[in-house]
Every structure is written in structure tokens, then in C-alpha cells.
Amino acid sequence: MASQVIREWMGIQQFPPATQTKLLELLGKLKQENVNTLTILVMGKGGVGKSSTVNSIIGEKVVPVSTFQSEGPRPMMVSRTRAGFTLNIIDTPGLIEGGYVNDQALELIKRFLLNKTIDVLLYVDRLDAYRVDNLDKQVVKAITDTFGKEIWNRALVVLTHAQLSPPDGLNYDVFFSKRSEALLKVVCLGARLKKHDMQGSTIPVALVENSGRCNKNESDEKVLPNGTAWIPNLVKTITEVVFNGSKAVYVDKKLIEGPNPDEKGKIFIPFILALQYLLVVKPMVRAIKSDIAKESRPAWELRDTNVAGRKF
Ligand code: GDP
Ligand code: MG
């Protein structure tokens, strides 16, 4: 971390003035509440638009985006400051490879995050996917097993490729809510979340369109088919997660390594030894002693004794 270069957030100036005003207002709100640093972790399957979303938020091409290749194996943190506020975004490699959760990638992510605080998790997937399956559940389970259920109190689901015409003439907002509902169900299943785990709130969902061909409104802001200017909306949803009353997740050694296996069950060792002595060793010694007592001495032993006792 010491070598991490924190640059001025110049990319913000790439946004149209209307977006800049809204973003600076949101940063002002965070600072007002003494939130001077935000660390956002971006996770999800490969190819869903994680890196593109990082670039869109920062307003610069800071992480590589790949159409066909799989992503680099390592997480990458990008840090930018603006008027005393620091934004850290951590892009991660996709968690699925060859149809399975990529444990090696997960391990690298864990190590990278050691001693960092995750303020918000962006769980990224595509809006234009019509099904959820077991792999989605596996990814959510892997994230939950790594950071604990609490991470979902600090999460928002981000759906990319949001500039789409829904199939079968479905209304855009109806399609969006059906897709969100299906994904949130999988998140709750994969994370084994119950109502009380979420402290009464549901995980918010934000839409993203990273394509350069995204439609714009009269203020030159990138907008979704339902008219929402998605960049300020995404940042607004992120700040709502920060203020939802839940705790940020600090990644310490204990969290990523789980309970120390050396410590596990140590307390039971004296009881187990005592039980072993009473139930196994003691009866065994008793049995051996009684066997010896009962045993008639073999002829050869008697003979040997006689030989030993004979005088020559
Ligand atoms: P990652 O593997 O999750 O990091 O995904 P990338 O950001 O590398 O994106 C994978 C491909 O999807 C690239 O070709 C991107 O240009 C494309 N892509 C990402 N987000 C969007 C989006 O919102 N809309 C469209 N049309 N393409 C996207
Ligand atoms: Mg990527």
C-alpha cells in the first residue's frame, strides 16, 4: 500500500457539467458525514463488464478491458483524490473459469485485500441475460464464504449492458425488475441470507451502460432507455449503501483464514486424553494383568528355569 500512487481524480472533468455537479454534490455529502475515503470492491463472473464499469466511474481508461481473452489474474486498485476525498476502486479477475469457481483467483483477491476495509461491494452481472443458474449461486457463495454474510449489507448489484430492448415486447422497467428479482433471489440463496441478516433492507440494484454508443440526454449525460442518467445514479446508490447503517467489512487475517485450525477443539484435548485413559488404556492394562495371572507357564519356560537352576 505504501507504494500506491494516489492521483488527482482528473477523469471527473471528462463528464458533462450536469454529471460533475451531481457527483461533487454526492462527494460533499460523504465528506460532511466524515467519510473521506471510500473503497469499492468490484466482483463477479468474467466478461460481465467489471473493468469497463471501473473505467466508467473513474472517467479514464485505468484498467484493461478485454472482449475475448480472460482477464489478468490479479486484482488492481485504482485510487483518485478530489478535494480531500479519496476513492479507491478494486477491480478483480472473474471468479468463474471452466465452469467452476476459480479458487486461485479468489485466493489472490483475499491476499490483496488483507488489512483493507471494504466500504462497498459492487456485484456485477449483465442486464441482458435471461437466466440465472447454479454458477451464479456458486459465485455468491464464494464471496460469502470469503468475507462473511455481512458483506451483503454493504453490497449493490450492478447490471451492465443496460441499453437494451427487452425481448417479447416487454416494458423496459418490467424487464429490469424481473431480472433484478431473479438475481437477488440467487444472491439470497447463495449467501444463505435470511430476512434478519439484511437488517430490513434489500440489496439495491443499479444499471450501467459502458458502451461508447450509450444514448445521451440534452445535458449530454449518458442515459438509459428509461431516461436515468446512470453515472450519477450509480454513485448515488453507492452513497446510500454507505449510509445504510451497516458496518464496513475490514479484511483481517482471521477473516480470510477462518478460525485457526490449531486452536480448534484444543480445549477438548485433556477430556479426550482422560476418556482414552479410562475407557481404553485402563481396561486394557487390567485385561493384560489378568491374562498373565491366569496363564499356565509353558513347558519350555519351566524347562529353561530348571536348566538355569542346575549346577554343573
Ligand atoms: P470483465 O471481464 O467483467 O472485466 O468485463 P470487461 O469490462 O472486460 O468487458 C467485457 C466485454 O464486454 C468488453 O468487450 C466490453 O467492451 C463489453 N462491455 C462491458 N460492459 C458493457 C456494457 O455495459 N455495454 C456493452 N455494450 N458492452 C459492454
Ligand atoms: Mg476485467
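Everything quoted here is computed from the prediction, not taken from an experiment. Numbering of ligands and ligand atoms starts at 1, following listing order.
In terms of N/O distances under 3.5 Å, ligand 1 is approached by G47. Considering backbone and side-chain N/O atoms, V65 never comes within less than 3.5 Å of an N/O atom of ligand 1. An N or O contact shorter than 3.5 Å links K50 to ligand 1 by distance.
Those atoms of ligand 1 with a heavy atom of E209 less than 4.0 angstrom away are 22 (C), 23 (O), 24 (N), 25 (C), 26 (N). Those atoms of ligand 1 with a heavy atom of S52 less than 4.0 angstrom away are 6 (P), 7 (O), 9 (O), 15 (C), 19 (C), 20 (N).
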Notebook entry, point to check: Which is it for F147 and Y250 under the ring-ring contact (aromatic ring centres under 6.0 Å, His included) test, yes or no, and what are the steps along the way?
Noted result: CA-CA 9 Å; F147 304 114; Y250 177 68; over 10 Å; no
Note to self: Using salt bridge (charged side-chain N to carboxylate O under 4.0 Å, His left out), reason through E107 and R111 one step at a time and then give a plain yes or no.
What the structure shows: CA-CA 6 Å; E107 202 53 42; R111 286 185 194 292; 3.0 Å; yes
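When G49, S66, G212 are ranked by how near their heavy atoms come to atom 10 (C) of ligand 1, first place goes to S66.
The side chain to side chain contact (heavy atoms under 4.5 Å, CB included) check on V235 picks up L23, L26, with sequence neighbours excluded.
Because the distance cut-off is set at 2.8 Å, T92 fails to qualify as a neighbour of the Mg ion (ligand 2), as none of its N, O or S atoms comes that close.
Proximity of Y123 to V158: side-chain heavy atoms (C-beta onward) are nowhere separated by under 4.5 Å.
For T228 (side chain) and L224 (main-chain N/O), no donor-acceptor pair under 3.5 Å exists by modelled atom type.
Shown here is F243, whose CZ atom has more than 12 heavy atoms of other residues, nucleotides or ligands within 6.0 Å.
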